Every structure is written in C-alpha cells, then in structure tokens.
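In this text the structure is predicted, and so the values were computed from the model without any measurement. Order of the sequence lines fixes the chain letters, A, B, ..., with proteins taken first and strands second; residue numbering starts at 1 for each chain.
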There are 2 protein chains.
Amino acid sequence: MAGPVGRRVTAAMVARRAGTSVSTVSLVVNGKSRGRVSAVITERVRAAVDELGYVVDHAASSLARGTTDLVVLLAPDLPNPYFGRVTTGIREALGSRHQLMLSVIEGGEQPGADDVRRVAAFRPAGLLVHAPSPTFLDDLEPGGPPLVLMDAPGFEGRAATVTFDLEPGVRALVAHLAEAGHTVLAYLEGSTPSATFTVRRELLARVAAEHGLRVLDDGTRAGLTLDAAADVSTEELPRWRAAGATAVVAAADTMAYGVLAAAHRLGLAVPGDIAVAGFDDLPYSQVTAPSLTSVALPAEELGRAAAQRLAAVLAGDGDGADAPLLPSRLAARASTGA
Amino acid sequence: MAGPVGRRVTAAMVARRAGTSVSTVSLVVNGKSRGRVSAVITERVRAAVDELGYVVDHAASSLARGTTDLVVLLAPDLPNPYFGRVTTGIREALGSRHQLMLSVIEGGEQPGADDVRRVAAFRPAGLLVHAPSPTFLDDLEPGGPPLVLMDAPGFEGRAATVTFDLEPGVRALVAHLAEAGHTVLAYLEGSTPSATFTVRRELLARVAAEHGLRVLDDGTRAGLTLDAAADVSTEELPRWRAAGATAVVAAADTMAYGVLAAAHRLGLAVPGDIAVAGFDDLPYSQVTAPSLTSVALPAEELGRAAAQRLAAVLAGDGDGADAPLLPSRLAARASTGA
DNA sequence: CTGAAAGCGCTTACAG
DNA sequence: CTGAAAGCGCTTACAG
C-alpha cells in the first residue's frame, strides 16, 4: 500500500522482491498462474505486488499483447445530459473486464473515420459509437477495432448496432397531438448530422401524414443545447405560428427546453398558444414549466445493450442481423395539454 | 486515404514506401524533422503517411517516450449535466496538444488513489480530478502524473487547484433569503464525499448565522440525481417544515430539481409553502417550474482554468500558492420569490 | 513448475 | 542529413 517514493514500479522489481522471474510475475498478475505457478510463489508475488503497489504498464502490456482491455466510447455530444445516462448503462454492463474511456471529439463534430483511426492507436478491445452520421462507415478502414453503433438507425446489417424502435413512441405522440386537435406541426431539427435525427424527423412526418397532420418542412435546425435552441426558436416561433403550426416537436429534450424558454420570452402560453414536445425524456422534463411531453428513449438501456452487444462481438458472435431494437414510448405531459 | 486492407500500418511500412528509415519517419511524424531531415525526404514520408493512413501507435510511442499526450479526467459524477459543461471548457483550453480522455470511475464512488494508480498505467501527461474528497491526497503515491484538482476547496497549497470563491454567491443567496423573511433553512447535502459539498454547507451555515438565520443540521443527504433527491425530499419536506424551515437549499441543481418534484408530489407551493435553491446554475434551471434560484458556478470556466493550470504545471510552473479563484454569483429566480 | 529470450512498434542518443 | 541499434516494460512460446 505504502509504495516506494521512487519511480514507476516494474514487473522486474516485483520479481526481484518475490525472488522469481518477470515471466512468473506476468502470469500471476494476469490470472494465468493456475496450474502453472506454485501456490507458494503465487503468494509471494501477490505480496510483492501489494507491497510495491505494482500496476501492469498499459503501454507495454498492450504492445506485447496487441490489444488492451480498453473500451472507448466516441460520442458527438458529451455535454448533453442524455449522454451521461448512456455511460451509466454501459458501465453497468461492461463490469470490470473492461475499462471504459470516453474520447472527446473535436467541438460539436460528428465521430468520423479520423477519430476512429486516432482512437485505434490506443489498441482498444472495442469501440462504441453513439449517434453516428449516415456516412460514418463509408471511409472507415477495415482492420480496425470491433465496434458497436448506438442509436444508429439505418446501419442495421452493415455493422453491429443497438437502435431504438422509434415507431411506438412517435405513433403515440402523433395520436396524442391529433387528439388534441393539432393539424400543423413545426419541427426543430438537431444541427448535428446524426442519422437518428433524420429518422426521427422523417418518421414523424410520415406518421403525421397518416393521421392527416402536416409537419412544416422548413429545415429549421439548432444546436443541441437549451441556449442554441432558444435563440433559434425565438426567431422561428412567430413564423411557425404564422404558418399555422400549433405545436413544435424538437429533436431532443434539451432543445425542447429551449423552445419553452423562447415561448416564455415571447409571452406565448404553452400549450395554449403553442404545444411543445421533445425526444429522450430526460429526468428534468418532469419539472419544466410546463412539464414536457417527450418520446422516451431509455438511455441506460441503450448503454447496457450496447455493452452487451460489444461483449458478444468480442466473443466472436457475428454482428449482423439480430440487432435488438429497444422500445420507445410516449411520456405525455402538460406541455401538450396532457 | 484509402489505406490497405491488411493489418496495422507501422512506421516500418511507411519507411519502406518512402525509401527511408524508421528513425526518419519518427522524426517527420513528430514534427522534429526541421533541420534534421531534407525537404525531399520529409515530403516523401508525408506522402507515404497519407497513402497508408499511418498513425503512431500509442502503446509503442508511450513506452519509448515514457509519457503520452493524454490528459485524463477523473470525475465522480459523470451523468451530471454540470460535468459535461466542464469538459467543454477543458477541451477548449487544452487545444490539440493533448488528447482528453474521461476515465469512468466505479459507480458513484469518489476518485481515489487506486483510480490514480490505474490511470497512471496509461502514462498520461497529466490528470484532472473533479470534486475530490478531502482524503484524496492522503494515500496518493508520489511520482505519479502531475495533477490539477478542480472545485477542491481546502486543497490549496497541497496541490495545484482551481476552485470557486463560493462566498459571494452564498452571501447573495443568504441576503436574498433573509430579505424574503426566511429564518430557518433546510439543507439537502450531496451523498458523495466531495470536499466542495462540505464547504458549501458550512459556508451557508456560517453566513446564515451572521444574518440571524438558522440552517437545520439534520445531516440529510441524497444522491446527485433528480430521482434520488426527490425520494429523500418527499420524506423530509414535512419534517423540515415542522422544524420551521421555509426554504430548502440543495447542494446541486439536479438535487434541487428533485426537491421541486417532491414539493409538487406533496402539493406544496414553491415558493409559497417552501422556497428552493441550488448550486451550479445549470441552463435547465431557467425553465423549471418555478424557475430555480441557484448559486452560479461557471462550469466551462472551471474546465478552462483547470486545463490552463495543468498546462502551466506541465511547463514547470510550480503548483502552489497562486491558485486562481473563480467567482460565484447568485442567479435569483422564482423558486425563492425573485 | 520456472526462467531466458524474442518481439511488440516506437524514440532517441549515437555514429557516420 | 541519415540510419543502425538500444531500450521502453511487458507477454508468450519455448526449453528445461
């Protein structure tokens, strides 16, 4: 525990102290001593490891081994609270076999082939990619680390994915809005090119059409933060209303919060003057003014399922057809008059 | 760009293609070719690097070098939205000299010496530690990577720190509550042992006493999530009110959201029956019902300042006395009757 | 059961 | 200006 004052503790130092060889130390610390190292020596090595506070050097280990126990998560929107919940689920399912590292991507950008290449230099055991853009796989080089794409509709069959079945949630939302008498909806799209955003918008438009509702197709988009969405909405809300929209659906709850803030700024009543809904169902959506209707996309389950799927891929189970679909559902609240 | 189908691209492959040696490739890719490698060869190496898609292997590089360009961030509360904002600031200030990695700590635990040791195996250039517990440095071994502690009041002088000056914000909050006629306050403490939480509570109690207010000292604490705080508050609100409290201050905004949810469940009006305030001033606090009064602790500035401080430490500037204090201020809103 | 040795892919003196 | 060679700290056949 105490550990020496000096420098990095190496396997050689442990070996010397335990009166054995570096090879043996390696076997013991990697749990491969069973039947190959005597109990006495194993114990002596363990003691020396504790006394010196030895930790296997990652660089050397991964160089020798060709891989590591690292799982790297690439994500486009780290500051989004949704994202933190995803990591909780990943961690739960990953357990202690793997160490999770989040790689922070250049500001607001989408994870791309360059990021993968950069991350591959760490020789991770696997990669998790959250909300990739539709072109993500296009210039990806073969031979990279195994990966699982999360919330990546449209990638099924081309890669291992864990994706939401958005349809139940979106159908429930449209039915709910139709019942409340809305006929024209505005849509606030996320400015990052994640495939999931496109699918959310298109699915909403399609289902709305089935119910005889119309979604304004003005391509309005904003960054995924409250502030960015509030600024855009302050500008757009009057136009949306002039175009007949009585409800706004935002691509994410954080953006819907911005719509609420903008409505407040403009003195519009929600849902009286304009109804608002989002996607994700963040926990904070139950305490907004008014509480926010949202298509719930269970973040922790997404993380858990992705980690499990990666474990399967690492274990050699193929990565094709049987992508599990996680359920979505509607959390109807006051912002749409529920 | 295309890259070969085969295996990992090594410096040897680049050297062969460029008709030169591995040493020269190393110099070129590390930007040390100036005056040591002819322009012609430099260009040939660059071309080969591009054609093959070569990336320096981290493991091998860090093993040879003894260190990396990695900055690792240890944090106890990844799912908290506050935290994402901190990373934005860090990334901004870190620039491209360093790669930022977040190390995910075991569920809800505080970063400790073990985590540092585990992370040290990656040979990071430096470590950033958010909201450490008071004992964090106690069993830390010397000889580890340089580190900067963030939001770590009480560590000044013992380590490089970047910390908030909580006093202006807390003073403003107390003055605001006193003016509104409150005399007894309840406090909802965070359940993680971060030093900053203790300081927030003690400072509030001290300043409150100066104003003739009393803070209930019942040690109530909850996890840092809305749900955890809501459950605890649902239980405690009646007791707090019975003890004379007319306002609740929570250690973090996410927890204050939970108090709002609990008040709603219990049918209590905010601020009529009970006023509520938090710490952090998350962006969402402007759209809660009612909007939340909060001691603003600028997250991005914290991240920025910490990254700058780490850069200074890495450049050899000491890590002692001159810890900058970041300002806090009050964002007074409707939840306290503002 | 145990240890000497090769090799992982770099970087950095060092010799030319 | 350029390259051969040692060495970073491990892991893994391999020989004993």
Taking only the side-chain nitrogens and oxygens of [X], find out if one of them lies under 4.0 Å from OP1 or OP2 of [N].
X	N	answer
A:Lys32	D:dT11	no
A:Ser61	D:dT11	yes
A:Thr24	C:dG3	yes

Any base atoms under 4.0 Å from [X], or only sugar-phosphate, or nothing? Heavy atoms, all strands.
X	answer
B:Ser62	nothing
A:Arg65	sugar-phosphate
B:Arg123	sugar-phosphate
B:Ser23	base
A:Val22	base

Are the side chain of [X] and the backbone of [Y] linked by a donor-acceptor contact shorter than 3.5 Å?
X	Y	value
A:Arg44	A:Ala18	yes
A:Thr88	A:Gly84	yes
A:Thr42	A:Ser38	yes

task: Hey, which sits more toward the 5' end of DNA chain D by its nearest nucleotide, A:Leu27 or A:Leu63?
output: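 Result of the comparison: A:Leu63.
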Take the protein atom [atom1] of [X] and the nucleotide atom [atom2] of [N], then report the distance between them rounded to whole Å.
X	N	atom1	atom2	value
B:Arg34	D:dC1	CZ	P	10 Å
A:Asp57	D:dC10	CG	P	5 Å
A:Arg16	C:dA4	CZ	C1'	16 Å
B:Asn30	C:dC10	CG	P	10 Å
B:Arg36	C:dG16	CZ	C1'	14 Å
A:Arg44	C:dC1	CZ	C1'	13 Å

- request: With a 3.5 angstrom cut-off on both distances, give the Watson-Crick or G-U wobble partner of D:dT2, or none if there isn't one.
  value: C:dA15
message: Do B:Arg85 and B:Asn80 pair up side chain to side chain, a donor and an acceptor below 3.5 Å, judged on atom types alone?
response: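 Distance-only check fails for B:Arg85 and B:Asn80.
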Between B:Thr24 and B:Ser21, a side-chain donor and acceptor under 3.5 Å: yes
Any idea which of [options] is nearest the [X] side chain?
X	options	value
A:Ser38	C:dC10, C:dC1, D:dT2	C:dC1
A:Ser26	C:dT2, D:dT12, C:dT11	D:dT12
A:Val56	C:dG9, D:dT11, D:dG9	D:dT11
A:Ala64	D:dC14, D:dC10, D:dG3	D:dC10
A:Thr10	C:dC14, D:dT11, D:dC10	D:dC10

- prompt: In terms of side-chain geometry, is the basic nitrogen of A:Arg97 or A:Asp69 positioned less than 4.0 Å from the acidic oxygen of its partner?
  reply: no
